[in-house]
Amino acid sequence: MGHLPPKTIAETLRGIQSNELVLPAIQREYVWKPSQVVRLFDSILRGYPIGSFLAWRIDPETVERFKFYGFLKDYSQFDNRHNPDLDLLSRQVTAVLDGQQRLTSLNIGLRGSYAVREKYARYNHARSYPTRRLYLNVLDEAAPNDAGLRYDFRLMTDQQIRDSTDDPAHHWFPVAKVFEAPTAIQLMRDLAQVGLGNNDFAIEVLGQLHQEVHANQSLHMYEETDQDVERVLDIFIRVNSGGTVLSYSDLLLSIATAQWKERDARDAIHGLVDALNQTGSGFSFSQDVVLKAGLMLAGISDIAFKVKNFTSENMATLDREWDAISESLRLAVALLSDFGLSDSTLSAKSVIIPVAYYVHSRNLDDSYRTAVANAPDRSQLRSWVLRSLIVRGVWGSGLDTLLRDLRTIIDQHGQSSFPVTELERTMALRGKSLAVTDELVDDVLDLSYGSARTFAVLAMLFDHVDTRNQFHVDHVFPRALLDPKRLRTDGFSRDEVDALLSRRDRFANLQLLPGPENIEKSASAPDTWAAATYTSADTMRSYLALNELTALPHDAREFPDFFEARRVALASRVRRKLASGVADTQTEETAAEEYDSTELDAALDE
């Protein structure tokens, strides 16, 4: 291993442009956050070293045997997270083994863009991910900050730049112009055009940045020339094993990419992850979950993330069966969506694996989701999934052992129906019991609005809810009527306000309502809204019975008694529903007989 002559940042980026510097299949994807990009450029402008790099010089005959990728220039968390494929033909290239995150960040900051989801924006909308480019404030240094940054670099959208036009404390200069300028004089001309030709700070800071990018040979790279991929893989593991960003599945995905023959593993797995996450209201499954599911569905005995399990034989099996595995995972996530789950309510991603294995073992297709003949089986599956999400710790430690046990039970008993009894018996032996205990009941009743488990519990307890439609977690007594300022105005003491607020977002004040109905309800008093919505005595009784509501409060003074009464009623329902593991059909059918179902269905569909 030798040490190459140092290069400038600009020279290195030109090597990336011409695909002389590439990424081998064993590299992970780009994962740096905006704050890391900003910190890197702050270090560069201050003249700090940014670490050495490690590369692998690959001869033409070796290039033909492996897959390589280009560096990202315009990164988008929404639709451009994957490195582009490269067809390098038979020529010598240099593949980066260590330093991809830094080099990609330099490429983005000096040549490209970065699109990240805005806070609270929806996952599956492109407009939630506005394009940002790197800018430097050339009027002053950064304000005092906990990150220790001296210079004010920011990744900003075009709208943010337009909104800052009249800000006297900032002038945002596009950092890409520094890379494009052949000389620092060009940057001075750019400053003059915006009226900053005589600003000493702007002249100094841009001149220094140009010097660091174009003149200072600050990038030092070690080069491995051995063509033995096993040696290179060992070097890669050792170099990256000390970091926290590289997950083991990144490495194993790379091994699969190098070994699959019928398709590109990276494209196949990333494509499937993207497809799964776009299902329904959106999910956030990782490649770890998909790889783990692949090992399990392919029948590989040991599904742990170990290099020894990614043998050429196992990878050939995974490659050969990938299409069927993919379809089973797609069906599994569609079922989870049908159960009303999404990224915000799915508290354990690993639950998809046994669901996928079950549908895979029975060779089920999409018709399973709607066929009347499969309704009882779907009900059993839905119940088991939701209850496993309700009980804490089921999908935590000991996951690989649990998954292997579940696979064995499904193989032995799941050829005609979902073997819920046998699965739960096996889970209990592993310390993953779904049995109802006093601790579980208390834990459920202490759930609050916004918890991922809350939706699963409500969907489990109130299975008259068709979760294939959009339902919202709703406050029975609206939050707006329990606003602290409003309560104080209405004459409640500080202790009374605190007591009301402690109950406001708790489980006993929550229910599931259809989205449009929840919007219509808004901040209305519960009894007033219900009387206007369920206009007959039968429909009102049905609404109360189906949602375990004894009586509806009109104002905040009636709320504590309502809350305590419903908490007691819900405790009984939790014990009944979770103990049975199946729908409490008798209670709900009895309630249904007492009203005109057509009238209620019409009300719920409004």
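Remember, predicted model here, so these are calculated numbers, not experimental data. Values below: all heavy atoms of this structure, side chains included; hydrogens, waters and symmetry mates excluded.
- With hydrogens and angles disregarded, no donor-acceptor distance shorter than 3.5 Å links the side chain of R486 to the backbone of D490.
- Considering all non-hydrogen atoms of both residues, V457 and L447 come closest at CG2-CD1, 3.5 Å.
- Within the 3.5 Å criterion, the main-chain N or O of L23 finds no donor-acceptor partner in the side chain of Q100.
- Nearest heavy atom pair, residue R330 against residue A275, reads NH1-CB, 3.5 Å.
- Within the 4.5 Å cutoff, the side chain of P6 has heavy atoms near those of the H220 side chain.
- When atom types are taken as modelled, the side chain of Q217 and the backbone of I9 share no donor-acceptor pair closer than 3.5 angstrom.
- Note that the CD atom of Q92 and the CD1 atom of I58 stand 9.0 Å from one another [nearest 0.5 Å].
- Annotation for Y48: atom OH does not count as buried by contact number, only 12 or fewer foreign heavy atoms lying within 6.0 Å.
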Exercise. Where do S113 and R133 land on the side-chain contact (heavy atoms from CB on, under 4.5 Å) test, with the steps shown first?
Worked result: CA-CA 5 Å; S113 60; R133 291 178 174 80; 4.1 Å; yes

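- D505 places no side-chain N or O within 3.5 Å of a backbone atom of S448 that could act as its donor or acceptor partner.
- Counting only residues at least two apart or in different chains, side-chain hydrogen bond (donor to acceptor under 3.5 Å, both in side chains) contacts with residues 183-196 comprise Q186-D190.
- Under the 30°/60° scheme for interplanar angles, the aromatic rings of Y449 and H475 are found to be tilted.
- Each ring pair (Phe, Tyr, Trp, His ring centres under 6.0 Å) pair with one or both residues in residues 121-145, not counting sequence neighbours, appears once here: F78-Y129.
- Atom CG of N19 and atom CZ of F71 lie 10.0 Å apart (nearest 0.5 Å).
- Looking at residues two or more places apart in sequence or on another chain, you find a side-chain hydrogen bond (donor to acceptor under 3.5 Å, both in side chains) between Q511 and D474, Y543.
- Interatomic distance, K292 NZ to Q287 CD, rounded to the nearest 0.5 Å: 12.5 Å.
- The two residues L136 and V175 have their closest heavy-atom pair at N-CG2, 4.0 Å.
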Exercise. Going through the checks in order, is the side-chain contact (heavy atoms from CB on, under 4.5 Å) test met by L272 and I325?
Worked result: CA-CA 10 Å; L272 178 59; I325 290 171; 5.7 Å; no

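- Separation of atoms CG (L139) and CG (D152) is listed at 10.0 Å; rounding is to 0.5 Å.
- Summarising the local packing, CD of E204 is surrounded by 12 or fewer heavy atoms from other residues, nucleotides or ligands at distances under 6.0 Å.
- In this structure, G109 and F41 approach most closely via the heavy-atom pair CA-CZ, 3.8 Å.
- The minimum heavy-atom distance linking S52 with D98 is given by the pair O-OD2, 4.2 Å.
- Distance check: I50 CD1 to L40 CG gives 5.0 Å after rounding to the nearest 0.5 Å.
- Within the 4.5 Å cutoff, side-chain heavy atoms of R266 are placed close to those of E29.
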For this session: Please lay out, stage by stage, how Q17 and R14 fare under the test side chain to side chain donor-acceptor pair (under 3.5 Å).
Result: CA-CA 5 Å; Q17 280 181 282; R14 284 193 287 270; over 6 Å; no

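- Summarising the local packing, CG of N198 is surrounded by 12 or fewer heavy atoms from other residues, nucleotides or ligands at distances under 6.0 Å.
- Residues N124 and Q278 bring no donor and acceptor atom of their side chains to less than 3.5 Å of each other.
- Counting only heavy atoms from C-beta outward, the side chains of F455 and S342 never approach each other to under 4.5 Å.
- Within the 3.5 Å criterion, the main-chain N or O of G207 finds no donor-acceptor partner in the side chain of E212.
- When V96, L103, N107 are each tested for a side chain to side chain contact (heavy atoms under 4.5 Å, CB included) with T12, only one passes: L103.
- A heavy-atom distance below 4.5 Å is found between the side chains of S284 and K349.
- Side-chain contact between L336 and F285: present, with at least one pair of heavy atoms (C-beta onward) separated by less than 4.5 Å.
- W260 and M315 make their closest contact through NE1-O, 3.4 Å (heavy atoms, listed as atom of the first residue, atom of the second, distance).
- Using a 4.5 Å heavy-atom threshold, the side chains of V476 and L510 count as separate.
- A donor-acceptor contact shorter than 3.5 Å is absent between the side chain of H210 and the backbone of L187.
- Atom CZ of R162 is surrounded by more than 12 heavy atoms from other residues, nucleotides or ligands within 6.0 Å.
- Under 3.5 Å, the side chains of S18 and E20 contain a donor-acceptor pair of N or O atoms.
- To the nearest 0.5 angstrom, I108 atom CD1 is 13.5 Å from R132 atom CZ.
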Problem set entry | Derivation of the side-chain contact (heavy atoms from CB on, under 4.5 Å) call for S347 and W395 | CA-CA 9 Å; S347 56; W395 303 107; over 6 Å; no

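- Side-chain contact between T454 and F507 is present, with at least one heavy-atom pair separated by less than 4.5 Å.
- More than 12 heavy atoms of other residues, nucleotides or ligands sit less than 6.0 Å from atom CG of L501.
- Shown are Y75, Y30, W32; of these, the side chain to side chain donor-acceptor pair (under 3.5 Å) with S105 is made only by Y30.
- Between Q36 and R39 there is no side-chain heavy-atom pair separated by less than 4.5 Å.
- Between the side chain of D59 and the backbone N or O of E61 there is no donor-acceptor pair closer than 3.5 Å.
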For this session: Go through I352 and V333 one step at a time and tell me if the side-chain contact (heavy atoms from CB on, under 4.5 Å) criterion holds.
Result: CA-CA 7 Å; I352 192 180; V333 75; 3.9 Å; yes

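- A donor-acceptor distance shorter than 3.5 angstrom exists from the side chain of D42 to the backbone of R150, with no hydrogens or angles considered.
- Checked by atom type and distance alone, the side chain of T8 pairs as donor or acceptor with a backbone atom of E11 at under 3.5 Å.
- H214 places a side-chain N or O within 3.5 Å of a backbone atom of V178 that can act as its donor or acceptor partner.
- When each of D274, L72, V31 is paired with R81, the side chain to side chain contact (heavy atoms under 4.5 Å, CB included) condition holds for D274 and for no other.
- Counting only N and O atoms by type, the side chains of N199 and H171 include no donor and acceptor under 3.5 Å apart.
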